[in-house]
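Below is one structure, written out as structure tokens; comments come after it.
Chain letters run A, B, ... following the sequence lines, proteins first and then strands; every chain starts at 1.
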Amino acid sequence: MICEKCKKREARVKITKVINGISEVHNLCPECAMDLRVLDTGMTPEWSSAIFRLLSDTPGQKNGRKPQTVYDEKLKTMECPTCHKRYGDFLEDGQFGCADCYDAFSPFMDQMILSIQGADSHTGKRPASLRLKTPEPKRQGDIAEEMLTPEEETEMLKIRLQEAIYAEDYETAAKLRDQIKALSKELKA
Amino acid sequence: MSRWYNESGKNSDIILVSRIRLLRNFAGWPFPGQESESEVRALLSMAEEKLSDLSTAVQEEVSETPAGLFEESERQALKERHIINNAALRTNHDYRLFTSESEDFSLTLNVEDHVRLLLSRRGDCLTELWEKISYIDDYIDSCIPYAFDKKQGFRTSRISNMGTGMRCYYVMHLPLLTEEPSFKDLLAEMTKHGVIVRDALDLDEKHTGGLYVLYNQRTLGLSENDIMDILSLVAGRLMDQEKELRKNADLIKLKDRVMRAYGLLTYARLMDLPESCRLISDIMLGESLGFFKNNGNFSSYELMLGVFPGNLQVYYQSLFNEDEIKEKRAGFLQHFLSRLEISDK
């Protein structure tokens, strides 16, 4: 694909802009993309170019060697506020120093995660404390369920709906959606 | 107590082993490698104290081996039996290893990640393994909460493990499929499904005995069930093709091949590693085709693990030089093979 801005170089960067909820996709070459990024994010050209150099497949980078420029050196000294691991050291050994490094280095992580994992969101198991209890089938005299107001019940169903969508259990999701609809009709009536 | 690799399981003549590994880290602690010495000490003693009920969760006696205690050859043997990984062999900070009596379960604390859980079983049984390992995982999390992010999942020390922290493995025996010209294309196709196929024995010589290990490449964006489904699908296809080849092969040629291996293993006095692996692979094939009756309490997969140098030295409880190892290996194999009875059917 050819870059849609300069119409010369190969488009190797895909940029999605979201403005007021409407998304636009641009296929650009790294050079044009960089100009656009600078304008849009207010990022300094130094940061912007350094990030792009990290993201674009520079041959040396794969062997753990980074092109020696001023910008890269500046980035490498950036450290995680919790464990003080430097970004440069992370690039060397590929290991985070603590759980907070993910957030500390997050401007550079998204693309790296996508390219290694081909995805950006976890859809698997969650720790028990974050798991929603599977609702027991409704029994007579089940006080907890009976005492819910319609508003509370709607709220609870919405949470379950989110969970079902998250788990890609569309059958359950459809049922929950219908329940929510029925409840909101009841509420209006 | 008998070790897990002596057992047999569903389709265990082709799917030799199913294995699940989970990586986790404790919330609020720096990851291994970034900790100070006092933090390592504090973490390990905290974990040892809080995980005192581990045996109950594993439903089997679990015991601890302090890292400093075991000898070089013992560590090598643990690596050869896939209980610890290369990172644990190389690490220069303190860590802990817990293993169950049958060795099917192990927990390594503080190597590259705080927690590395491993559960193995013979045959095709990922679902059962997941049920059990997930239960143990919940137990540990209830004692010491894990670092978890709602969007990105379990925090691991490497991006390649983030999300589920899960890697599922199948060790497969495909001696006939390996020899097919189409096998290379088949392997390339596996990669498209996100399944990596590697030589299971990791010797210098490639594809020794047709033993392969299959595992999932991605750990993020897929649920644990997705990962197991993909792997089962791929392994199932490989298994069907191998079975088909075994069914249609010229029986007398196969029998000749297996018996030649049997002859060499029974009478040779010096055995090097690649040769013995190749020959054991043929014995495995022979067992699967019913050429032998096994009168001993061992599996041919156990022999495959046993001929590696670390395991041999632990088996004989002494250290050998290279030539001695070859002699001991031949002796080890003769000892076990004498309990295989040739069944003339």
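Comparing B:Ser157, B:Gly153, B:Ser223 by heavy-atom pairs within less than 4.5 Å of chain A, the highest count is held by B:Ser157. Between chain A and the options B:Gln217, B:Arg24, B:Lys150, B:Met166, heavy-atom pairs under 4.5 Å are most frequent for B:Lys150. Counting heavy-atom pairs under 4.5 Å between each of A:Cys83, A:Cys98, A:Ala119 and chain B puts A:Cys98 at the top. Between chain A and the options B:Asp137, B:Asn225, B:Asp113, the largest number of non-hydrogen pairs under 4.5 Å is found for B:Asp137.
The side-chain tip of B:Arg155 points at the ring of A:Tyr102 from less than 6.0 angstrom away and within 45° of straight on.
We find the CG-CG distance between B:Asp104 and B:Leu118 to be 9.5 Å, quoted to the nearest 0.5 Å. Of the inter-residue distances, the one linking B:Leu109 atom CG with B:Tyr95 atom OH reads 11.5 Å to the nearest 0.5 angstrom.
Checked against the 6.0 Å centroid criterion, the rings of A:Phe96 and B:Phe31 do not qualify as a close aromatic pair. The ring of B:Tyr169 has its center no closer than 6.0 angstrom to the ring center of B:His82.
Using a 4.5 Å cut-off between heavy atoms, B:Asn216 does not touch chain A at all. Only the backbone of A:Asp93 comes within contact range of chain B, with heavy atoms under 4.5 Å apart. Interface remark: B:Phe148 contributes side-chain atoms only to the contact with chain A (heavy atom separation under 4.5 Å). Within the 4.5 angstrom heavy-atom criterion, atoms from both the backbone and the side chain of B:Glu112 approach chain A. Contacts of B:Asn25 with chain A are absent, with no heavy-atom separation under 4.5 Å from either backbone or side chain. If you measure heavy-atom distances from B:Thr156 to chain A, the contacts under 4.5 Å come from both the backbone and the side chain. Contacts of B:Ile159 with chain A are made by both backbone and side-chain atoms, with heavy-atom separations under 4.5 Å.
Using a 4.0 Å cut-off between charged nitrogen and carboxylate oxygen, A:Lys125 and B:Asp138 count as a salt-bridge pair. Between B:Asp149 and A:Arg126 there is no salt bridge, since none of the side-chain N atoms of the basic residue sits less than 4.0 Å from a carboxylate O of the acidic one. Between B:Lys10 and B:Glu128 no salt bridge is recorded (no basic side-chain N to carboxylate O distance below 4.0 Å).
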